[in-house]
2 protein chains.
Amino acid sequence: MTNKSIGIKDVAVAAGVSVTTVSHVLNDVAYARISPETREKVKATAERLGYGPNRLAQALRTQRTGMLGLVSEEIATTPHAGRIILGADEAARARGYNLMIINTSGAASDESRQADVEALLERRVDGILYATMYHREVTLPENLSSIPAVLVDSESLAGSVASVVPDEEGGARVAVQSLLDAGHRRIGFLNNTDDVPATRDRLRGFRNALDEAGLDGAAAPVESELSEVLGGYVAALRMLKRKDRPTGLFCYNDRMAMGAYRAAAEVGISIPNELSVVGFDDQELIAANLYPGLTTVALPHYEMGAWATERLIDAIEGKADLTVLAAKPTILQCPLVTRESITNPHPGLS
Amino acid sequence: MTNKSIGIKDVAVAAGVSVTTVSHVLNDVAYARISPETREKVKATAERLGYGPNRLAQALRTQRTGMLGLVSEEIATTPHAGRIILGADEAARARGYNLMIINTSGAASDESRQADVEALLERRVDGILYATMYHREVTLPENLSSIPAVLVDSESLAGSVASVVPDEEGGARVAVQSLLDAGHRRIGFLNNTDDVPATRDRLRGFRNALDEAGLDGAAAPVESELSEVLGGYVAALRMLKRKDRPTGLFCYNDRMAMGAYRAAAEVGISIPNELSVVGFDDQELIAANLYPGLTTVALPHYEMGAWATERLIDAIEGKADLTVLAAKPTILQCPLVTRESITNPHPGLS
DNA sequence: TTGAAAGCGCTAACAA
DNA sequence: TTGTTAGCGCTTTCAA
């Protein structure tokens with residue numbers, strides 16, 4: 001157990017050697033030539049006194065803190081931010097780094113964002129992870145460019161910083177494919193109305209997947225509303241009242257799917273027997289708890305956090321060059337999470 | 001914008017003064033007697049050069065890092081941890097501190113917990129917040145006692161560390177009272193089966209609230225299952241088939257309430273017309289998105305995070321004594337969040 | 001194989 | 001009113 005009052009000097013005195021020697025053995029310095037006995041003695045006394053290094057002093061001297069700054073949006077709203085943090089934390093500690101976290105609001109002013117980064121800079125973090133709550137384009141605080149940085153779940157408008165984002169289109173394809181594989185031919189899409197990459201890319205994925213299956217993507221039914229439970233309910237109601245009612249429904253996210261479940265129940269359509277549903281996001285609280293359990297596509301938040309951290313540390317340690325990564329965002333797969341909301345279409349309806 | 005290569009010395013040279021003077025004006029040292037002109041000149045040059053203090057060097061010298069360590073369990077599972085972090089972060093930055101976060105697992109071994117605290121100690125954080133995911137009793141890593149610490153959402157078995165927990169019994173009373181106020185007299189409770197404080201305290205609150213309303217708390221129907229959606233469903237099914245079927249139902253948490261919604265729908269009982277329901281936790285993803293919206297009791301995670309941080313900083317700054325707080329946990333209220341799941345009991349059933 | 005000493009950037013006691 | 005200097009705990013160059 002670390003005793004804050006014990007320094008390298010105390011260990012040196014107690015072991016009857018110099019501080020240099022202590023430093024050398026405790027840090028396993030490669031070129032140090034120290035006898036095994038001294039080595040042992042030093043280690044033993046350090047242990048006995050409960051010595052723990054003062055990372056501040058080390059950092060001041062080596063110009064390396066071993067700390068990564070993470071500025072994260074809306075940490076408290078969903079578990080998404082938590083997954084990013086978890087991925088980053090695990091990747092960081094695996095390589096001996098720790099995380100300093102600063103929460104920010106998606107609506108924060110430019111000055112306040114700058115101040116957040118500033119605080120991290122003053123603490124001399126070795127690099128910065130900048131995470132947003134959902135995939136979008138951001139304008140970055142200018143002081144961010146002064147040290148290695150990676151964006152998580154967003155793309156820089158200027159295109160000057162490395163970033164990692166989910167494969168929205170691929171995720172949509174996977175979702176639609178799961179419906180196609182079950183035999184569905186009449187497939188509808190409940191889309192979001194916000195102007196974000198996910199809205200455009202998931203729609204593209206939806207259409208392309210249908211086209212490639214020999215269906216007419218452009219003609220497939222799409223209903224758009226706010227991407228919340230209520231929006232999903234309203235959109236689903238419209239969708240289910242169409243004369244060409246689909247047998248398979250792809251929803252922009254799990255919340256909209258939850259609304260679709262309610263709409264289906266009210267209209268008297270049973271899931272999955274009369275309507276198969278697939279969502280997006282894998283918000284476990286919803287997806288796993290709906291009845292029947294919602295098959296959905298997971299966003300790789302943990303993976304994005306871990307990936308960004310790995311690359312950031314690589315850059316810090318001179319093992320990689322972030323500028324080449326900055327050219328375009330790195331795209332991570334969105335895997336399908338299978339539950340019980342998809343089945344073969346009812347014979348008469350297929 | 002901070003330029004890492006600029007130090008206090010550079011500012012001193014550029015302004016034609018000594019480093020002492022620079023340090024004094026930039027830190028607004030009380031006893032320093034410096035002419036307004038010099039003061040202005042120093043500030044201007046510091047600004048011009050883009051000087052930002054090196055907090056590491058400051059910390060090494062002053063023995064104060066201005067950093068708080070937060071070890072949090074299961075950061076990625078629910079938004080609960082996020083709320084604690086948010087409360088802590090906002091309270092911390094309001095007083096000039098930042099947060100170092102380490103994620104841990106509820107199932108982590110004692111050694112790994114010690115290692116987490118150790119990492120924080122080596123970084124010389126000024127104090128530590130130790131947060132668990134749900135209210136329970138914990139055995140703490142022993143090295144935690146070497147610096148100021150506060151537990152969030154848990155109580156120390158040894159009873160030696162200050163802690164803050166939710167008022168489980170009070171929250172249950174508030175929930176039951178909301179049912180009583182609506183006119184319900186036959187009220188049931190869907191309880192959890194885990195042996196945690198919440199299970200015992202919410203049951204006590206339930207019984208006491210009924211007793212005080214002149215009803216028989218001991219005789220009131222209680223069904224217990226795992227505190228998940230499925231458990232709620234199963235327990236609710238039993239509850240709703242009783243001959244003395246209640247008109248008001250208090251659920252251990254929102255997930256169990258979600259299960260109760262499904263059970264009610266299957267049995268053909270409408271909420272809130274034939275059954276009023278109140279939950280616990282205010283997991284927004286669930287409570288706000290059920291139909292009808294679930295009236296529930298909120299856990300004060302944000303408040304606990306903020307309270308713990310305030311007290312921790314008070315202790316660090318010598319403004320408070322944590323040992324007096326350690327005597328017994330501080331209890332924070334759980335407020336009712338009203339939505340649409342409660343109404344007056346059906347006349348024939350009241 | 002080991003040790004002395006400079007210096008990372010800052011604060012604060014002391015001197016002028 | 002301002003400046004000189006020691007030292008926070010460590011790493012690392014250089015010398016022995």
Side-chain angles (χ1 to χ4, degrees), chain A residues 2-43 45-46 49-67 96 121-126, chain B residues 2-43 45-46 49-67 96 121-126:
Chain A
T2 295
N3 187 331
K4 280 169 62 173
S5 56
I6 299 295
I8 200 183
K9 207 165 158 182
D10 305 289
V11 177
V13 171
V17 298
S18 74
V19 291
T20 309
T21 305
V22 176
S23 176
H24 282 173
V25 344
L26 261 25
N27 293 314
D28 278 318
V29 172
Y31 59 80
R33 332 248 67 238
I34 294 165
S35 73
E37 303 83 61
T38 315
R39 218 171 262 282
E40 229 2 272
K41 189 173 48 176
V42 169
K43 280 185 180 159
T45 35
L49 299 182
Y51 170 78
N54 182 331
R55 301 278 247 126
L56 291 177
Q58 287 184 319
L60 183 61
R61 178 61 230 236
T62 60
Q63 308 289 25
R64 274 290 169 72
T65 53
M67 296 201 319
L121 255 25
E122 289 183 357
R123 300 227 181 251
R124 298 303 189 267
V125 293
D126 294 333
Chain B
T2 294
N3 188 330
K4 281 170 63 174
S5 55
I6 299 296
I8 201 183
K9 207 164 161 184
D10 305 288
V11 177
V13 171
V17 299
S18 75
V19 290
T20 311
T21 305
V22 176
S23 176
H24 281 175
V25 345
L26 261 26
N27 293 313
D28 278 319
V29 173
Y31 58 81
R33 333 247 68 240
I34 294 164
S35 72
E37 302 84 61
T38 315
R39 217 171 263 281
E40 229 2 271
K41 190 172 48 178
V42 170
K43 280 184 180 160
T45 35
L49 299 182
Y51 170 78
N54 182 330
R55 301 277 247 126
L56 291 176
Q58 287 183 321
L60 183 60
R61 179 62 230 235
T62 60
Q63 308 287 24
R64 274 290 170 71
T65 53
M67 297 201 318
L121 256 26
E122 289 183 356
R123 298 227 181 251
R124 297 303 190 265
V125 293
D126 294 332

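FYI, side chains are in, hydrogens and waters are out, and symmetry mates aren't considered; it's all heavy atoms of this structure. Residue numbers begin at 1 in each chain, while the letters A, B, ... track the order of the sequences. A quick note: this is a predicted structure, and the numbers were derived from the prediction, not measured.
- A pairwise comparison of heavy atoms in A:Tyr51 and A:Leu26 identifies CE2-CD2, 3.7 Å as the closest pair.
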Mind listing the N/O atom pairs, protein and nucleotides 3-5 of chain C, below 3.5 Å?
residue, atom, partner, partner atom, Å
C:dG3, OP2, A:Ser18, N, 2.8
C:dG3, OP2, A:Ser18, OG, 3.2
C:dG3, OP2, A:Thr21, OG1, 2.8
C:dA4, N7, A:Thr20, OG1, 3.3
C:dA4, N6, A:Thr20, OG1, 2.6

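- If you take CD of A:Gln63 and P of D:dT12, they are 11 Å apart, rounded to a whole angstrom.
- When rounded to the nearest whole Å, the span between CZ of A:Arg61 and P of D:dC8 equals 16 Å.
- Summarising the geometry, the separation between CD on B:Gln58 and C1' on C:dG9 is reported as 9 Å, rounded to the nearest angstrom.
- Within 4.0 Å (heavy atoms only), A:Tyr31 reaches at least one base atom of the nucleic acid.
- Distances were taken from every side-chain heavy atom of B:Ser35 (C-beta onward) to each of C:dT11, D:dT1, C:dC8; the shortest belongs to D:dT1.
- In this structure, A:Ile34 places its CD1 atom 8 Å from C1' of C:dT1, rounding to the nearest Å.
- For the pair B:Lys9 NZ and D:dT5 C1', the interatomic distance rounds to 12 Å; values are reported in whole Å.
- The side-chain hydrogen bond (donor to acceptor under 3.5 Å, both in side chains) analysis of residues 30-41 of chain B, with sequence neighbours excluded, yields the pairs B:Ser35-B:Thr38.
- The interatomic distance linking A:Glu122 (CD) with C:dC10 (P) rounds to 10 Å, in whole Å.
- Looking at A:Arg33, its side chain has no donor and acceptor atom pair within 3.5 Å of the base of C:dT1.
- With rounding to the nearest 0.5 Å, the separation of CZ in A:Arg55 from CG in B:Leu121 is 12.5 Å.
- Residues meeting the side chain to side chain contact (heavy atoms under 4.5 Å, CB included) test with A:Arg61, sequence neighbours left out: none.
- When the local axes at the two ends of the helix from C:dT1-D:dA16 to C:dA16-D:dT1 are compared, using 5 base pairs at each end, they differ in direction by 50° after rounding to 10°.
- By the side chain to side chain contact (heavy atoms under 4.5 Å, CB included) test, B:Ser18 is found to be paired with B:Thr20, B:Thr21, residues two or more places apart in sequence or in another chain being considered.
- A:Asp28 places its CG atom 13 Å from the P atom of D:dT12, with the value rounded to the nearest Å.
- A:Arg55 has its CZ atom 18 Å from the C1' atom of D:dC8, to the nearest Å.
- Checked against side chain to side chain contact (heavy atoms under 4.5 Å, CB included), B:Leu56 has the following partners two or more places apart in sequence or in another chain: A:Leu56, A:Ala59, A:Thr65, A:Arg124, B:Asn54.
- Neither OP1 nor OP2 of D:dC8 sits under 4.0 Å from any side-chain N or O of A:Asn54.
- Positionally, the nearest nucleotide of DNA chain D for B:Thr38 lies more toward the 5' end than for the other of B:Thr38 and A:Ile8.
- Within 4.0 Å (heavy atoms only), A:Ser23 reaches at least one base atom of the nucleic acid.
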